[in-house]
Amino acid sequence: GSSAMDVVVSRVDIKGGKLIWDNQAAGSKQALESIDVRLDAETLSGPFDLKSDFEWNGAAYNIAVTTGQISEQNKQIPLQMTASTSGNDMHMTFSGNVENGASVKLNGDLEIGAENLGDAIKSISGKPADLPKELAGKFSLAGKLVTTESRVGIDDMMMVLGPVNYSGQ
């Protein structure tokens, strides 16, 4: 028989959208601008393929997300994500699984990087980073993202922050 999940969504497109956060109590206003989104889905329970470009605090970002089928029977849902700025001075990739059980868990390979951590923080927050200049340089973090009900961790981690290198559990 048919169910609501049998609906096919071939494609959803948004072109030139804008989303505004207007916090009048705090006196702040932020906008996500020039939003372009393309979402493909075989059914309402996936698999999903999402691609988006937008501007935030004057920087252009690109995001791509793909998932496997979401169902009660499929306990390990594949998830691939990438995000970067158009100039590739910041990037993030994740490749792993979402565990679809009593609680949602995320496990997989994570990589985050920026040519200049201070510039990356300013681009995201809109405010200059308060970092010592020695730590405001190149940044990278790679490892296995592991989440449980009581822990969010990065195992087998390698990190570079300016002149500082670290690796370990």
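Residues: numbered from 1 along the sequence shown. Atoms considered below: every heavy atom in the structure, side chains included; atoms not considered: hydrogens, waters and symmetry mates.
In this structure, Asp130 places its CG atom where only 12 or fewer heavy-atom neighbours from other residues, nucleotides or ligands lie under 6.0 Å away. More than 12 heavy-atom neighbours from other residues, nucleotides or ligands sit within 6.0 angstrom of NZ on Lys105.
The distance from atom CD1 of Ile14 to atom CG of Leu19, rounded to the nearest 0.5 Å, is 10.0 Å. Between Tyr61 atom OH and His91 atom NE2 the span is 14.0 Å, to the nearest 0.5 Å. Note: Arg38 CZ to Lys51 NZ = 9.5 Å, rounded to the nearest 0.5 Å. Expressed to the nearest 0.5 Å, how far OG1 of Thr85 lies from CG of Asp119 amounts to 10.5 Å. Interatomic distance, CD of Glu33 versus CZ of Phe54, reported as 12.0 Å (0.5 Å rounding). Between the CG atom in Asp40 and the CG atom in Leu50 there is a gap of 9.0 Å [rounded to 0.5 Å].
Between Gln76 and Asn107 the shortest side-chain heavy-atom distance does not fall below 4.5 Å. Looking at heavy atoms from C-beta onward, Lys144 lies out of side-chain contact with Leu110 at the 4.5 angstrom threshold. Between Met159 and Ile154 there is no side-chain heavy-atom pair separated by less than 4.5 Å. Contact annotation: the side chain of Pro47 approaches that of Glu42 to within less than 4.5 Å [non-hydrogen atoms, C-beta and beyond]. Taking 4.5 Å as the limit, every side-chain heavy atom of Ile77 sits out of range of all side-chain heavy atoms of Leu79.
Distance alone, capped at 3.5 Å, places no donor-acceptor pair between the Asn116 side chain and the Lys138 backbone. In this structure, the side chain of Ser34 does not engage the main chain of Glu55 through any donor-acceptor pair within 3.5 Å.
Every residue two or more places apart in sequence or in another chain that forms a side chain to side chain donor-acceptor pair (under 3.5 Å) with Ser103 is listed here: Glu149.
Ring-plane geometry between Trp56 and Trp21 is classed as perpendicular, the angle between the planes exceeding 60 degrees on a 0 to 90 degree scale with a lower cut at 30.
In this structure, Asp36 and Lys15 approach most closely via the heavy-atom pair OD1-CA, 3.3 Å. The minimum heavy-atom distance between Ala120 and Met90, with the atom names listed, is CB-SD, 3.0 Å.
Checking Asp53 against Asn62 by side-chain atom types alone, a donor-acceptor pair falls below 3.5 Å.
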